[in-house]
There are 2 protein chains.
Amino acid sequence: MPTYSDNGPDPSEQDTNLPPPEQHARQYAAVRDAHETELIEDYVELIGDLLDHAGEARATDIAARMGVRQATVARMIRRLNDQGLVTNEPYRSIFLTERGRTMAEESRKRHGVVLQFLRSLGVDDATARIDAEGMEHHVSETTLGIMHEFTRRQNNGGD
Amino acid sequence: MPTYSDNGPDPSEQDTNLPPPEQHARQYAAVRDAHETELIEDYVELIGDLLDHAGEARATDIAARMGVRQATVARMIRRLNDQGLVTNEPYRSIFLTERGRTMAEESRKRHGVVLQFLRSLGVDDATARIDAEGMEHHVSETTLGIMHEFTRRQNNGGD
DNA sequence: TGCACAGTTTAGCCTTGGCTAAAAAAGTTT
DNA sequence: AAACTTTTTTAGCCAAGGCTAAACTGTGCA
Ligand SMILES: [Mn+2]
Ligand SMILES: [Mn+2]
Ligand SMILES: [Mn+2]
Ligand SMILES: [Mn+2]
């Protein structure tokens with residue numbers, strides 16, 4: 001007796017049928033939500049990394065690493081400031097607030113889990129870095145935990 | 001003698017150091033590129049699914065499943081038409097062009113690989129569907145191939 | 001047949017996140 | 001100190017993708 005007998009539709013049909021409209025809509029809504037916070041997170045994470053590795057986070061460096069113009073960075077910095085994530089004085093380095101540091105730390109951790117998971121799957125480093133940069137914002141806590149555990153096992157088994 | 005001796009930086013430093021600025025910038029650029037085509041692909045894929053499963057793709061149904069207003073859908077349909085992906089006459093169902101069908105098919109395949117990969121990792125169905133909807137657009141061909149192979153092995157081993 | 005209602009389209013608003021050009025401030029060199 | 005260069009900021013343009021409100025079309029039912 002299969003264990004899925006009273007557990008929803010036959011798995012063999014699970015791929016060919018569409019989910020009910022409301023569930024389907026929630027999928028896309030989750031993606032839109034992720035996209036709203038995505039760029040903010042990447043900026044905060046990058047600023048944290050620059051502070052750690054270079055000692056300061058200048059607009060020029062942020063622009064170079066983001067691959068955008070300084071004007072774009074300047075306006076984003078203002079937004080981060082408005083949201084209480086960074087402090088900045090004109091013509092000076094940018095610093096993270098307590099909230100900013102928390103967000104940077106969480107993003108860094110999440111990014112690392114996804115990146116190492118991809119590496120442990122056998123994806124080459126450059127590709128893994130590109131994929132992780134986008135995927136990280138669309139991975140639920142559930143999936144993140146599973147990825148982390150997978151990586152841990154992979155690394156232990158490889159000793 | 002470790003095999004990575006002449007193969008770039010010591011792996012133990014690979015996570016703590018930032019990539020060179022140009023490579024870093026390319027990461028973010030890849031994400032921005034993905035976001036440009038992402039919504040188009042989801043619309044085309046959804047229209048294809050509706051045509052297959054419901055026989056026609058009406059704006060109302062698209063709006064309900066996307067979780068957006070009909071006005072939003074109407075304008076998107078015009079864009080898809082401009083790009084030669086759909087044909088549509090006023091107040092009638094939407095159909096895919098040859099190009100549209102190709103895109104729908106590719107998206108459907110890619111979406112399926114990511115979804116089944118997540119399931120085979122042990123992620124529950126509802127969560128897997130949400131994560132796949134976002135992740136699918138940020139998975140390189142390389143990673144997609146590895147995911148596919150992983151899923152295949154997992155399923156064969158489970159027999 | 002005519003009318004009401006559901007579906008569709010259009011017009012116009014807003015925010016986000018790119019961009020360029022130009023002004024202003026800071027830093028460096030002579 | 002003055003001049004030059006780099007960095008930062010500001011102003012304003014554009015496209016994408018949400019939204020509401022209102023006009024329009026088509027369909028089904030009285
Ligand atoms: Mn990212
Ligand atoms: Mn999809
Ligand atoms: Mn998607
Ligand atoms: Mn995305």
Side-chain angles (χ1 to χ4, degrees), chain A residues 21 24-47 50 54-83 85-95 133-134 137, chain B residues 21 24-47 50 54-83 85-95 133-134 137:
Chain A
H24 209 164
R26 274 194 296 274
Q27 281 176 213
Y28 295 116
V31 175
R32 288 193 296 269
D33 283 353
H35 285 170
E36 263 188 35
T37 48
E38 180 166 334
L39 195 57
I40 300 271
E41 283 170 15
D42 281 340
Y43 267 88
V44 168
E45 187 186 347
L46 175 57
I47 290 167
L50 285 172
E56 56 176 9
R58 312 299 303 242
T60 314
D61 299 326
I62 297 173
R65 287 193 177 267
M66 276 288 166
V68 299
R69 296 297 178 174
Q70 290 198 12
T72 302
V73 171
R75 197 185 31 185
M76 189 58 66
I77 299 303
R78 182 201 296 276
R79 268 186 71 202
L80 297 179
N81 189 310
D82 289 349
Q83 299 195 15
L85 294 165
V86 307
T87 61
N88 65 308
E89 291 153 80
Y91 299 96
R92 286 281 173 284
S93 171
I94 293 121
F95 295 97
E133 193 61 71
H137 310 281
Chain B
H24 208 163
R26 273 194 296 274
Q27 281 177 215
Y28 294 116
V31 175
R32 288 192 296 268
D33 283 353
H35 285 171
E36 262 188 36
T37 48
E38 181 166 333
L39 194 56
I40 300 271
E41 284 170 15
D42 280 341
Y43 267 89
V44 169
E45 186 187 349
L46 175 57
I47 290 167
L50 285 172
E56 57 177 7
R58 312 299 302 243
T60 314
D61 299 327
I62 297 173
R65 287 192 177 267
M66 276 286 167
V68 299
R69 296 296 179 174
Q70 291 198 11
T72 302
V73 171
R75 197 185 31 186
M76 188 60 64
I77 299 303
R78 181 203 296 276
R79 270 186 69 199
L80 297 179
N81 189 311
D82 289 349
Q83 300 195 15
L85 294 165
V86 307
T87 60
N88 65 307
E89 292 155 78
Y91 300 95
R92 286 280 173 287
S93 171
I94 294 123
F95 295 97
E133 193 60 73
H137 310 280

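In what follows, chains are A, B, ... by sequence order, proteins preceding strands, each numbered from 1. Quick note: numbers below take in every heavy atom, side chains included, and nothing from hydrogens, waters or symmetry partners.
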query: dT9(D) C1' sits how many Å from I77(A) CD1, rounded?
result: 12 Å
task: Considering just the side-chain nitrogens and oxygens of R58(A), establish if one lies under 4.0 Å of OP1 or OP2 belonging to dT7(D).
output: no
query: Whole Å only: how far is the CZ atom of R92(B) from the C1' atom of dT9(C)?
result: 14 Å
- prompt: Base, sugar-phosphate, or nothing for T60(B), non-hydrogen atoms under 4.0 angstrom?
  reply: sugar-phosphate
message: Looking at every non-hydrogen atom in both residues, tell me the closest pair between M76(B) and L39(B) and how far apart they are.
response: CE-CD2, 3.6 Å
field: Sugar-phosphate, base or nothing in reach of R75(B), heavy atoms under 4.0 Å
entry: base
task: Nearest whole angstrom, please: distance from the P of dT8(D) to the CG of L80(A).
output: 15 Å
message: Just the rounded figure in Å: distance from P of dT16(C) to CZ of R69(A).
response: 23 Å
task: Take the protein atom CD1 of I62(A) and the nucleotide atom C1' of dT9(D), then report the distance between them rounded to whole Å.
output: 14 Å
statement: Assert: residue with more 5' nearest nucleotide on DNA chain C, out of S93(B) and V68(A), is S93(B)
- request: For H35(B) and dT16(C), give me the distance from atom NE2 to atom C1', rounded to whole Å.
  value: 13 Å
statement: Correct closest heavy-atom pair for G67(A) and R32(B) would be O-NH2, 3.2 Å
statement: Against the side chain of L39(A), the closest entry in dA21(D), dG18(C), dA11(D) is dG18(C)
field: Nearest heavy-atom neighbours spanning H137(A) and A34(A)
entry: O-CB, 3.3 Å
message: Using OP1 and OP2 only, check whether a side-chain N or O of T72(B) sits under 4.0 Å from dC19(D).
response: yes
- request: May I have the distance from M66(B) (atom CE) to dA16(D) (atom P), rounded to whole angstrom?
  value: 17 Å
message: Counting only side-chain heavy atoms from C-beta out, which of dT9(C), dA25(C), dG18(D) sits nearest to Y91(A)?
response: dA25(C)
field: Which atom of L50(B) lies closest to which atom of A57(B), heavy atoms considered
entry: CB-CB, 4.0 Å
message: Tell me whether S93(A) contacts the main-chain N or O of R58(A) through its side chain, where contact means a donor paired with an acceptor under 3.5 Å.
response: no
task: Assign R78(A) to base, sugar-phosphate, or nothing according to its heavy-atom contacts below 4.0 angstrom with the strands shown.
output: sugar-phosphate
message: Quick check: on DNA chain C, is the nucleotide nearest Q70(B) upstream (toward 5') of the one nearest P90(A), or the reverse? Name the residue that is more 5'.
response: Q70(B)
field: Gap between atoms CD and C1', on E36(B) and dA16(D) respectively (whole Å)
entry: 9 Å
- prompt: With a non-hydrogen cut-off below 4.0 angstrom, is A59(A) in contact with a base, only sugar-phosphate, or nothing?
  reply: sugar-phosphate
